[in-house]
Amino acid sequence: RAQGQGRPSQRARISRPNSMRPDRAGGKFRCEATLERELRARGFPSVAGVDEVGRGSLFGCVVAAAVVLSPDRPIRGLNDSKQLEAGRREVLAERIRERAVAWAIAAVDAATIDSINIYQASRLAMLKAVSRLSPAPDFLLVDALSIDLPLPQRALIKGDARCHAIAAASIIAKVYRDACMRAWDAVFPAYGLASHKGYCTAAHCRAIQEFGPTPLHRLSFEPVRARSLFPVNYNSQMELFETAGAA
C-alpha cells in the first residue's frame, strides 16, 4: 500500500470476478485465486480463507481452519475437500502447512454444540481459528457464514469450491478432523468412526441403536437424542447452573 493511503472501507464493494461465476458447462464453479489477488491489489495484503468441517456429523467436534496463502508459493490442485480423494487431501494439507503464510485450526466440542447449537458452534470454531493466525489477517473470505470479528469479510456460498484460500482451509480442517475420528475409533470401535467419520450413515445409526450414544455424541442431534438415556433441556440446565452459582 502506498504511504499515506488509507485502508479500504470494510463495506467497500468488491466486484465479482470470473472465478466467482459458474462455468457454462454444468454450472460448476472454478476454484481459483482471483478474488484473493483482487483484494491484495485493493490494499488487503493478508487475506485469510476460513471454513469448517463436521457440521453435519453426529459425533465429536466441529473443526474450523483459517489459512493465509502465499502468492509467491502457489499450491496446485486446491479444491473443496469433499471433492478430493483422501490421499490427495493428505498431500495438499502438507503443502498448505509448509507454504502458507499462516494457518490455524480450532475445534468446538460436542457438549458446546449441544448447548449453543451447531450453527453458533461453527461460527465460534471459525472465530477461534482466525484469532490464532499469526500474523493476523486483514480480510476474511468465509465459507457461507459471518464471524464476529472487527475485520472486513465476505461470506461466499460454496466458497470452498470457488476460492483457493477457503479450499485450503477446508482441506487442513478435514484432514485434522479425519485423524481425530481415526483416533476415537480405537476408543469406541463398535461405531465405525474411522469409516464414516461420525456422519449419519446406516451403519452408524445401527450402532447407536444397539449400543446407545457415547459421551462424545451430539445429544441434540437425531437419531442420537432418541437413544439418549438422559434427555436434557440445555436452557434449563444453564439456568440451574446460574442459580446454583448465585446461592
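Closest approach of Asp143 and Gly159 over heavy atoms only: OD1-N, 2.8 Å. Across all their heavy atoms, Ala194 and Asp185 have their closest contact at N-OD1, 3.3 Å. The nearest pair of heavy atoms linking Val62 to Ile113 is N-CD1, 3.8 Å. Nearest approach of Cys31 to His164, heavy atoms of both residues: O-NE2, 3.1 Å. Pairing each heavy atom of Glu52 with each of Ser122, the nearest pair is CG-CB, 4.1 Å. Closest of all the heavy-atom pairs between Pro137 and Ala48 is CB-CB, 3.7 Å.
Residue Val67 is not grouped with residue Phe44 when hydrophobic side chains (ILVMFWY) are merged at heavy-atom distances under 4.5 angstrom, including chains of intermediate members. The hydrophobic cluster containing Val91 does not contain Ile105, counting ILVMFWY residues as joined when their side-chain heavy atoms lie under 4.5 angstrom apart, directly or transitively. In this structure, Phe221 is a member of the same hydrophobic cluster as Ile208, with clusters built from ILVMFWY side-chain heavy atoms closer than 4.5 Å. Residues Leu58 and Val108 share a single hydrophobic cluster, defined by chaining ILVMFWY side chains whose heavy atoms lie under 4.5 Å apart. Placement of Leu216 and Leu193 within a single hydrophobic cluster is found when ILVMFWY residues are connected by side-chain heavy-atom separations under 4.5 Å, directly or transitively.
Surrounding OH of Tyr176 are at most 12 heavy atoms belonging to other residues, nucleotides or ligands under 6.0 Å away. The 12-atom threshold is not exceeded at CD of Glu85, counting heavy atoms of other residues, nucleotides or ligands nearer than 6.0 Å.
A salt bridge does not link Glu210 with Arg206: every distance from a Lys NZ or Arg NE/NH1/NH2 to an Asp or Glu carboxylate oxygen is 4.0 Å or more. Between Arg95 and Glu98 no salt bridge is recorded (no basic side-chain N to carboxylate O distance below 4.0 Å).
Between His204 and Tyr191, the ring planes are perpendicular. Angles over 60° get that label, and only those under 30° would be called parallel.
Between the side chain of Arg177 and the backbone N or O of Cys61, at least one donor-acceptor pair lies under 3.5 Å. In this structure a side-chain-to-backbone donor-acceptor pair under 3.5 Å is missing from Arg37 to Pro71. The closest donor-acceptor contact from the side chain of Tyr199 to the backbone of Gly54 lies under 3.5 Å. Looking at Ser170, its side chain does come within 3.5 Å of a backbone N or O of Ala167 through a donor-acceptor pair. The backbone N or O of Ile147 lies less than 3.5 Å from a partner atom in the side chain of Gln153, making a donor-acceptor pair. Arg218 places no side-chain N or O within donor-acceptor distance of the main-chain N or O of Ala111, the cut-off being under 3.5 Å. Under a 3.5 Å cut-off, the side chain of Arg40 and the backbone N or O of Val47 do not form any donor-acceptor pair. The main-chain N or O of Tyr119 is never found under 3.5 Å from a side-chain atom of Arg55 such that the two would form a donor-acceptor pair. Distance alone, capped at 3.5 Å, places no donor-acceptor pair between the Arg89 side chain and the Ile171 backbone.
Side-chain contact between Ser46 and Val101: absent, with no pair of heavy atoms (C-beta onward) separated by less than 4.5 Å. Using a 4.5 Å heavy-atom cutoff, the side chains of Phe188 and Phe59 are in contact. Counting heavy atoms from C-beta outward, Leu39 and Arg154 have side chains that stay 4.5 Å or more apart.
In this structure, OG on Ser70 lies 13.0 Å from CD1 on Ile96, to the nearest 0.5 angstrom.
Looking at residues two or more places apart in sequence or on another chain, you find a salt bridge (charged side-chain N to carboxylate O under 4.0 Å, His left out) between Arg123 and Asp148.
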(request) Determine, step by step, whether Asp160 and Gln83 satisfy the side chain to side chain contact (heavy atoms under 4.5 Å, CB included) criterion, reporting the C-alpha distance in whole Å, the side-chain angles of both residues, the deciding distance to 0.1 Å, and the verdict. (result) CA-CA 10 Å; Asp160 48 7; Gln83 304 301 319; over 6 Å; no
(request) Might you work through the salt bridge (Lys or Arg N to Asp or Glu O under 4.0 Å) test for Glu94 and Arg97, ending with a clear yes or no? (result) CA-CA 5 Å; Glu94 183 176 357; Arg97 292 189 292 263; 5.7 Å; no
(message) Working note: Ser220 + Ile118, criterion side chain to side chain contact (heavy atoms under 4.5 Å, CB included); need CA distance, chi angles, decisive distance, verdict.
(response) CA-CA 9 Å; Ser220 59; Ile118 186 59; over 6 Å; no
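Paired with Arg162 under the rule side chain to side chain contact (heavy atoms under 4.5 Å, CB included), one option of Ile157, Leu141, Leu35, Asp80 passes, and it is Ile157.
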